[in-house]
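One structure is given below, encoded as structure tokens.
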Amino acid sequence: MSNFIDLFFNLDIMGQAWPLLFKGLIITLKLCAVVIGLGVVGGLLLALGALSPRRWLKWPAVGFIDLFRALPPLVLLIFVYSGLPFAGLDLSPFMAVVIAFFLNNSAYFAEVFRAGIQSVPKGQTEAARATGLGAAQTLIQVVLPQAVRNVLPDLLSNTVEVVKLTSLASVVSLSELLYSANMARSVTYNSSPLVLAALIYLAILWPLVRLISRYQRGIAVH
Amino acid sequence: MIEINKLEKCFGDTQVLTSIDLRVNRGELVFVIGPSGSGKSTMLRCCNRLEEPTSGSILLDGEHVTDCRGRALDRMRLKIGMVFQGFHLYPHKSVLANVMLAQVKALKRSRSEAEARAMEMLDHVGLAHKASAMPSELSGGQQQRVAIARALALDPKVMLFDEPTSALDPELVGSVLKVMKQLRDEGMTMVVVSHEMNFAREAADRVVFMDGGVVVEVGTPEEIFGNPKSERLRAFLSRLQPSGA
């Protein structure tokens, strides 16, 4: 038993590893902020494109969404990081991760936004347009607030997925949380840093997951 | 005031409106009746271009509604208030915010000006005390009166009512009709699509009977209900018996 605690819950080693893991956590958080920010904006634009009556907007958007929802994010990441240099495009690990996950993530956010926008009754748009609001004003003032409220649990779930997804960045040697923890493990010959990393992910995501469950229950009750 | 000339509307191969001609004078309340599917609502929705007419023209005070594009159409719609069967209040905004939104965003009124006007209009429909309520907290009749206030706050030249009481419980219909009657007495120009025949008799200046996408008969309530000329109108009115027609 004490052997088990030594190997997985060694507080000394966790203390030694903490500065490194903290640096990794900062990178993970930066990555999340950039990928989620770009994903939300890109997803919204893609959703609007996919819902547009204009074919030249609709079909590229739908194609983009389908393609990047179907491609595994790890394949995308390795392609962007290791494949693109053959075309002369050398990217830093951070940029490669941002680009690969933006492509994947904006496609997912686009699907959520699309469902949200479609859940708002047509009468809302008609009422807004009939009072002289323009298309953009109608979208911003009337449709989007309701759309977002209707799909809030899905938006949050997607956000949780992104945070988990960023751990894939360790594959391209980006020193985010998981990579740092694994480094610490190999230096200390002890798994405690990995456990610490897992606990940090849990601390960030568990409240979010709880929140989503409560939302979904709330919706089920109403 | 409103002039509809040779209005036609097709949905695909289906002709919904055929050569509609109609004039509505200032301060007049024109009532449009007819069986469902006769094109009444479509005609009304063409007047503010929620439906795009296939051909023909609609003028408001001599200005072409049918030629407007983009911002010009948005500005034109400010002059044409519309009330829907399903109310369509914004559920995420308070009653006051519902009545203020287009005033601020489309008419570019200041917030304080818009709020004052909104409160005035809510008072007008007897709901000033509900200003801070959310739409979901109101009865259907109250929601519809807020929707009327929302349209009136923009100072429209004409109000279009698309079956404003059809979605209401019978005991709530009266409160909405009362507001409409009051509007008429103040001289608002109104076009009303509705099945409230008693209200038509009592409040309408003229009644238009539509069937199969054409205007079959136009006349005063006395002429339309007391002395229907066409066979189709007689048949329609007799089907309404014994509900009072």
Side-chain angles (χ1 to χ4, degrees), chain A residues 40 44 47-49 51-58 109 112-156 211-212 214-222, chain B residues 41 44-45 47-52 68-93 97-109 114 135-136 143-144 146-156 158-162 167:
Chain A
V40 166
L44 184 57
L48 294 175
L51 290 170
S52 166
R54 298 179 184 85
R55 279 153 175 267
W56 58 269
L57 256 176
K58 183 188 171 77
F109 272 119
V112 176
F113 278 122
R114 194 169 69 130
I117 291 170
Q118 282 179 322
S119 74
V120 178
K122 200 160 155 267
Q124 290 290 312
T125 304
E126 290 188 347
R129 296 309 299 272
T131 54
L133 295 179
Q137 288 174 326
T138 298
L139 186 73
I140 292 166
Q141 299 289 335
V142 175
V143 176
L144 279 185
Q146 297 182 58
V148 168
R149 199 176 55 174
N150 291 349
V151 293
L152 199 54
D154 298 309
L155 287 173
L156 289 175
L211 188 69
I212 295 166
R214 282 183 55 177
Y215 257 119
Q216 282 167 336
R217 262 217 312 280
I219 286 169
V221 166
H222 286 302
Chain B
S41 287
L44 204 65
R45 289 162 58 84
C47 291
N48 68 352
R49 300 267 301 279
L50 285 182
E51 298 297 347
E52 210 48 61
C68 294
R69 292 278 171 271
R71 283 296 299 142
L73 177 57
D74 294 338
R75 278 194 295 275
M76 181 59 79
R77 281 171 168 160
L78 284 169
K79 301 176 192 166
I80 307 170
M82 184 154 199
V83 175
F84 300 86
Q85 179 177 355
F87 329 135
H88 302 329
L89 295 184
Y90 312 130
H92 60 298
K93 288 183 183 289
N98 263 274
V99 184
M100 283 174 66
L101 180 65
Q103 291 190 66
V104 173
K105 297 293 171 185
L107 264 188
K108 309 290 181 200
R109 283 184 182 148
S136 59
Q143 288 190 47
Q144 193 60 298
V146 172
I148 293 173
R150 177 172 69 180
L152 286 177
L154 302 168
D155 302 317
V158 55
M159 287 281 286
L160 311 175
F161 291 82
D162 189 4

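The chains referred to below are lettered A, B, ... by the order of the sequence lines, with proteins before strands, and numbering in each begins at 1. All figures in this text were calculated on a predicted structure; none of them were measured in a lab.
Other residues, nucleotides and ligands place no more than 12 heavy atoms under 6.0 Å from the NZ atom of A:Lys122. Counting non-hydrogen atoms of neighbouring residues, nucleotides and ligands closer than 6.0 angstrom, the CZ atom of A:Arg55 reaches no more than 12 such neighbours.
In this structure, A:Gln137 CD and B:Leu101 CG are separated by 8.0 Å, a value rounded to the nearest 0.5 Å. Atoms CD and NZ, from A:Gln141 and B:Lys105 in turn, are 4.5 Å apart once rounded to the nearest 0.5 Å. For the atom pair A:Thr131 OG1 and B:Ile80 CD1, the distance stands at 12.5 Å (nearest 0.5 Å).
A pairwise comparison of heavy atoms in A:Ala128 and B:Tyr90 identifies CA-OH, 3.2 Å as the closest pair. Contact between B:Ala106 and A:Gly132 at its shortest, heavy atoms only, is CB-O, 3.5 Å.
At a 4.5 Å heavy-atom cutoff, the contact between B:Leu89 and chain A is made by backbone atoms alone. Heavy-atom distances place the side chain of B:Lys93, and not its backbone, under 4.5 Å from chain A.
Residues that satisfy the side-chain contact (heavy atoms from CB on, under 4.5 Å) test with A:Gln146, not counting sequence neighbours, are A:Val120, A:Gln124, A:Val142, B:Pro91, B:His92.
The side-chain heavy atoms of A:Glu126 and B:Met82, taken from C-beta on, include no pair separated by under 4.5 Å.
In terms of non-hydrogen atom pairs under 4.5 Å with chain A, the most contact-rich of B:Gln103, B:Gln85, B:Arg45 is B:Arg45.
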